[in-house]
> 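Please read through the structure below; I'll follow up with questions.
Values below: all heavy atoms of this structure, side chains included; hydrogens, waters and symmetry mates excluded. Protein chains get the first letters and strands the later ones, always in sequence-line order, with residue 1 at the start of each.
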Amino acid sequence: MPYPHQETEHKWQEQWANGFVDYRAGQSAEKEKRYILAEFPFPSGAGLHVGHLRSYVALDIIARKSRMEGYDVLYPMGWDAFGLPTENYALKHGISPQQATKENIANFKRQLAPMGLSFDWSREINTTDPGYYRWTQWLFLQFYHQGLAYKAEVPVYWCPNSQITLAAEEVSDGKSIQTGEPVEKMPMTQWMLAITEYADRLLEGLDEVDYLEEIKTQQRNWIGRSEGARIYFKTEHGQTVETFTTRPDTIYGVTYMVLAPEHPAVSELLEHASNPDEIRSYVEEAERQTDRERQAKTEKTGVHIGGVHMIHPLTGAYLPVYIADYVLMDVGTGAIMAVPAHDERDYEFARRFELPMETVVKPDQGDVPELPYPETGELINSGDWTGLTSAEATQRIIEYLEQEYLGQRDVNYKMRDWVFSRQRYWGEPIPIVYCEQCGEVPVPEDQLPVELPEVEAYEPTETGESPLANIDRWVNTECPECGGSAKRETDTMPNWAGSSWYYLRYIDPQNDQAFADYDKLAEWLPVDLYNGGMEHVTLHLLYSRFWHQFLYDLGYVPTREPYQKRVSHGIILAEGGVKMSKSKGNTIDPMEMVENFGADTFRTYEMFMGPYDEMIAWDMNGIKGVYRFLTKIWHWYTRQTEGYGETVSDDSHLQYSLHSLIKKVTDDIEAMKFNTAVSALMEFTNEWQNYQLSAEDFGAFARLLAPFAPHLAEELWTGTGAQNSVHHAEWPSYDPDQITSDIVTYQIHVNGKVRGMLEVAPHTDEETIKQNAREQDNVARHLEGQTIKKMIVIPQKVVSIVTE
RNA sequence: GCUAGAGUGGCGGAAUCGGCAGACGCACCAGACUUAAAAUCUGGGGGCCUCCUUAGGCCGUGAGGGUUCAAGUCCCUCCUCUAGCACCA
């Protein structure tokens, strides 16, 4: 007989809704706080999928256990609802984005409801709610007032298909991450946020938080800090070009110079060039090509600037100058000093253009290396610096350059400022107006929010302008300063804006005086545990750390970092290990699983299927196995209440099992090793399901089960006599005395192989152990005819015998 | 190419410190129940060998070498996979 999951779960869902449980945070001043946060979902038209639930269930388990342990737990949920996909979904279905969002959220909530998740719904937030985005706009104004939000003409990624600009982070391999459509680079005037100002802070902050190592590494790589020097090179005509290098120690190896085709100095140099037409045609050709096409080239290309030289700042040598597209304008200064002997790219170019090479670094030990040799070592052929190590020479050469005004110490970052404008409708309007008299004017804080107008048409325009530009009654406004006629900024914010600070709003969601009250923030921050997708590590996670650090500098938040610990769940694949997708028809519908097996089975299976942070394939037989497990518990419970079942003859053995289980489940949940916690619960069930346990012992088991299978555990707990909810019960604690055994088992090795086991009392002396070990039947047989060379006793563990 | 992580039965995986490899679950096999099937229950469940068979032996954690009384775990070389970055000066 399978267990009646539907009946049980419906019953408890109803009781809980009627107030049998209360998961609201902040109801106790004296309890210690714990803030547990799952990334809020984007409420897509596709509805909830099994991957969302893997993380919500995992954190729900931690939240439930924490509450039972006496913490005041904040475990909230909300909606990250702005963004392109909703707009596209709405266009397709002929409804407004507002309507689409409303419907999708209702659908998500309906699907979340039966899952037994202990969210504090009284703090629900929605980024598209004017009461919320009022504060997103307010935060933007703080950046603006500090000079960190600015307008600039920058090369941006333009997606012609969706007609939207994208940030560098949203583009991969020449395609939009979100839609997979090809993008082009073009210059546009955009709002920018100066995240590069915080590059070092974002790096340093990583040392004080507990993120998965790979997350820290990814953020560090993304920020891409490299130290080196900016070195000035002059032409014989007196023009200066700055280069950046991480290897000042190789400066004596410079044999030519290269500028990016887009370098502003190119036109100037052209005046002195003997071959201007050739240069112009190369530059034009390069500008026509996309980044991808340039990178796809198998051979390096370039053009020599005839008749122009640059003078080596230390040797005075005349260096030929080239323009080549392997030098990129947006890296460093867009110009390099080429050291073909010690750089692979320069080497390749020099080979092709038959340029000289000068070897100036050799390995610490050994001779002049085969070229190119990009490692560091000892300097040779480098004037006064010959003989120094690369590290020493780097420092001394930079000092010399600074002293002679030939260059300076410099740091370069891979990270760029954040392109913050989007030319679409469904986003927060940027709160700026343009006045004919006063110019650019920020909207005063008391006039926020600048609400999105409700409109009929919100399709993107072909000009690249925001659809808001067509709405005259909204665009035309009056200047907050002079009252004259003015026009609103029609760009909206990217969907990363609302999610950059939402964890702050959960702490004080109703506040209409501030984004959140400082004292409340001080109570809850930082977020103790934050879970979200790996794909957000260089986007959302970095952006939101940046906003938080900025707010910390202004004194609006009490901690330097927003999130103390960040973890990530592995994605769930379809059966057979392939990606789940609608088009392949291999998706797993969580609602169907709940219908057939119950939420408790679904939850427990998602935790049991494998290590939490690893990618794993769904297995229909696996979920059936978990259903069998819960069925076993149900039958055990039935026997328990009806009073039949074997009597426990050895209570100390039961106590040993139970207390070991308490320890195991407690430790494993804390370490997020849910799969082994479930297997421990299974082992205990297998061993004791036929026995009649005391209400106390059975109740302890029910409480350990409660975070995983909240409905069934509630039935077990209340059905065996408790009056309150299991979810308000106290988490069981284990007694260390119960899990220390009064027998110690030694393995006996002979020449490295296990030949027997020996059970002795804990404090047996070594001689007795050795004696007993040798006398074991199987051990004695292996020792027959051998001379014992040595015998090692490792306390509590091993007796190791080695023969001649 | 660089950076980080991983490689264990037919499958998902387990194994704080180096100390009985394969917990738990699935697939599968046998038995019970059934007219039969499903469901359920009981037993088996890495490979090979041996009548020491409620036992014993050999092999076995991607490949090869090393350290150690003892290696899935530590060290070296190599291979493969996953993720991120990638002409980053």
Side-chain angles (χ1 to χ4, degrees), chain A residues 1-2 172-173 212-222 224-226 228-229 231 243-247 250 258 260 291 294-295 297 300 324-328 330-339 342-346 348-349 374 412-415 534-535 537-538 568 570-571 576-577 605 608-611 613-626 628-629 631-632 635 667 671 673 675-686 745-757 777-778 781-782 789-794 796-803:
Chain A
M1 265 283 287
S172 171
D173 213 13
L212 286 177
E213 204 46 47
E214 59 181 318
I215 294 176
K216 289 190 180 185
T217 306
Q218 271 191 43
Q219 292 213 346
R220 287 192 187 108
N221 288 347
W222 187 263
R225 182 190 157 96
S226 50
I231 303 177
T243 64
F244 175 78
T245 179
T246 54
R247 294 294 302 276
T250 62
V258 190
D291 287 3
R294 286 196 195 179
Q295 283 171 26
K297 286 182 190 170
K300 296 232 178 320
D325 64 7
Y326 83 91
V327 173
L328 308 175
D330 55 7
V331 177
T333 61
I336 60 159
M337 52 174 233
V339 186
H342 304 291
D343 182 282
E344 283 176 34
R345 296 149 302 179
D346 297 348
E348 202 187 310
F349 188 82
N412 190 53
Y413 298 94
K414 220 157 92 178
M415 187 168 68
M534 280 307 291
E535 71 277 15
V537 165
T538 52
S568 220
I571 60 170
Y605 171 62
F608 181 62
M609 64 194 302
D613 54 358
E614 274 173 40
M615 193 195 296
I616 197 145
W618 189 268
D619 176 11
M620 223 51 217
N621 284 315
I623 193 169
K624 285 179 192 160
V626 171
R628 276 199 278 269
F629 164 56
T631 301
K632 270 189 211 174
H635 290 316
D667 294 350
K673 289 160 75 174
N675 53 334
T676 49
V678 173
S679 78
L681 289 164
M682 286 173 169
E683 282 178 85
F684 187 83
T685 304
N686 289 342
T745 307
Y746 281 83
Q747 297 165 39
I748 309 164
H749 292 199
V750 178
N751 291 328
K753 291 194 185 297
V754 182
R755 298 301 182 188
M757 305 303 281
D777 273 4
N778 198 40
R781 191 165 47 244
H782 282 92
K789 197 165 93 183
K790 65 174 163 176
M791 221 167 157
I792 301 162
V793 178
I794 310 293
Q796 323 289 311
K797 280 183 183 159
V798 170
V799 181
S800 190
I801 304 167
V802 187
T803 64

> From the set B/C26, B/C87, B/A4, return the single nucleotide nearest to any side-chain atom of A/Asn621.
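Out of B/C26, B/C87, B/A4, the nucleotide with an atom closest to A/Asn621's side chain is B/C26.
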
> Pick base, sugar-phosphate or nothing for A/Gly224, based on heavy-atom distances below 4.0 Å to the nucleic acid.
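Counting heavy atoms under 4.0 Å across all strands, no contact is made by A/Gly224.
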
> Could you run through nucleotides 12-17 of chain B and give me one letter per nucleotide, 5' to 3': B if any protein heavy atom sits under 4.0 Å from the base, S if only the sugar-phosphate is that close, - if neither?
BSSS-B

> When the distance from CD of A/Glu683 to P of B/G22 is rounded to whole Å, what number comes out?
13 Å

> Of the nucleotides B/C85, B/G25, B/C88, which has the atom closest to the A/Asn686 side chain?
B/G25

> Go through the side-chain N and O atoms of A/Thr803 and A/Asn751 and say whether any donor and acceptor fall under 3.5 Å apart.
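The criterion, which ignores hydrogens and geometry beyond distance, is satisfied for A/Asn751 and A/Thr803.
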
> Taking CG from A/Asp330 and C1' from B/A89, how many angstroms apart are they, rounded to a whole number?
12 Å

> How many whole angstroms separate atom NZ of A/Lys414 from atom P of B/U3?
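Going from NZ in A/Lys414 over to P in B/U3 covers 12 Å.
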
> Find the runs of at least 3 consecutive base pairs, i with j, i+1 with j-1 and so on, that include RNA chain B, using Watson-Crick or G-U wobble geometry with both distances under 3.5 Å.
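When the pairs of RNA chain B are grouped into runs of at least three, the stems are B:1-7 with B:79-85, B:10-12 with B:24-26, B:28-32 with B:40-44, B:46-50 with B:55-59, B:62-66 with B:74-78.
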
> Where does B/G9 fall, syn or anti, if syn means a chi angle no more than 90° from 0?
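You should classify B/G9 as syn.
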
> What is the distance, rounded to the nearest whole Å, between atom CG of A/Leu212 and atom P of B/G84?
15 Å

> Give A/Met757 one of three labels, base, sugar-phosphate or nothing, depending on what nucleic acid heavy atoms sit under 4.0 Å from its own.
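Base, at least one base atom sits under 4.0 Å.
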
> Between A/Val678 and A/Asp325, which has a closest nucleotide on RNA chain B that is more 5'?
A/Val678

> If the C1' atom of B/G31 is compared with that of B/C24, how far apart are they to the nearest Å?
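Pairwise C1' distance, B/G31 against B/C24, rounds to 24 Å.
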
> So A/Val798, base contact, sugar-phosphate only, or nothing? Heavy-atom distance under 4.0 Å.
base

> Give the nucleotide from the list B/A4, B/C87, B/G25 with an atom nearest to the side chain of A/Thr217.
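Per side-chain heavy atoms of A/Thr217, the pick is B/A4.
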
> Can you tell me how far C1' of B/U68 sits from NZ of A/Lys753, to the nearest Å?
15 Å

> Starting the side chain at C-beta, find the nucleotide from B/C41, B/C69, B/G84 nearest to A/Ile794.
B/C69

> Output the single nucleotide from B/A70, B/A89, B/A27 whose closest atom is nearest the side chain of A/Arg628.
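Closest nucleotide among those given: B/A27.
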
> Give a yes or no on whether a donor-acceptor pair under 3.5 Å exists between the nucleobase atoms of B/C87, that is its base, and the side chain of A/Lys300.
yes

> Would you mind classifying the nucleic acid contact of A/Arg755 as base, sugar-phosphate or nothing, using non-hydrogen atoms under 4.0 angstrom?
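If one applies the 4.0 Å heavy-atom cut-off, A/Arg755 turns out to touch the sugar-phosphate alone, with no base involved.
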
> Take atom C1' in B/C41 and the same atom in B/U50, then report the distance between them in whole Å.
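It works out to 35 Å between them.
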
> Counting any heavy atom closer than 4.0 Å, what does A/Ile801 reach on the DNA or RNA strands: base, sugar-phosphate only, or nothing?
nothing

> Using a heavy-atom cut-off of under 4.0 Å over every strand shown, decide if A/Glu213 touches base, sugar-phosphate, or nothing.
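Counting heavy atoms under 4.0 Å across all strands, no contact is made by A/Glu213.
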
> Taking the side chain of A/Lys632 as heavy atoms from C-beta outward, which of B/A89, B/C41, B/A70 is closest to it?
B/C41

> Specify the separation, in whole Å, of atom CD of A/Glu535 and atom C1' of B/C85.
16 Å

> Hey, what are the protein-to-nucleotides 45-50 of chain B N/O distances that come in under 3.5 Å?
none

> Determine the interatomic distance between P on B/G9 and the same-named atom on B/G22; round to the nearest Å.
14 Å

> Looking only at atom C1', what distance separates B/U61 and B/G18, rounded to whole Å?
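Looking at atom C1' only, B/U61 and B/G18 are 15 Å apart.
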
> Considering only atom C1', compute the distance from B/A21 to B/A70 and round it to an integer number of Å.
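The answer is 14 Å between these two C1' atoms.
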
> Roughly how far, to the nearest 0.5 Å, is CD1 of A/Ile215 from CZ of A/Arg220?
12.0 Å

> Would you kindly compare A/Thr245 and A/Val626 by the position of their nearest RNA chain B nucleotide and give the one closer to the 5′ end?
A/Val626

> Assess the side chains of A/Lys632 and A/Asn686: does a donor N or O sit below 3.5 Å from an acceptor N or O?
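Yes - a donor-acceptor pair under 3.5 Å links their side chains.
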
> Using the P atom as the reference point in each nucleotide, state the distance between B/A15 and B/C74 in Å, no decimals.
14 Å

> Give A/Val258 one of three labels, base, sugar-phosphate or nothing, depending on what nucleic acid heavy atoms sit under 4.0 Å from its own.
nothing

> Using whole Å, report how far CE of A/Met791 lies from P of B/C69.
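Rounded to whole Å, this separation is 16 Å.
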
> Identify whether NZ of Lys or CZ of Arg in A/Lys300 sits under 6.0 Å from the centre of the six-membered ring of A/Tyr326 and within 45° of that ring's axis.
yes

> May I ask you to say what A/Lys216 touches in the nucleic acid, namely base, sugar-phosphate or nothing, with a heavy-atom cut-off under 4.0 Å?
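Nothing, no nucleic acid heavy atom in range.
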
> Report which part of the nucleic acid A/Arg220 touches: base, sugar-phosphate, or nothing (heavy-atom distance under 4.0 Å, all strands).
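Nothing: the residue A/Arg220, judged by heavy atoms under 4.0 Å, touches no strand.
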
> Of the listed nucleotides (B/A89, B/G84, B/C58), which one gets closest to any side-chain atom of A/Asn221?
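Closest nucleotide among those given: B/G84.
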
> What interatomic distance, in whole Å, is found between C1' of B/U53 and the corresponding atom of B/G44?
15 Å

> Taking atom P of B/A89 as reference, at what distance in whole Å does atom CZ of A/Phe244 sit?
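Rounded to the whole Å, the gap is 7 Å.
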
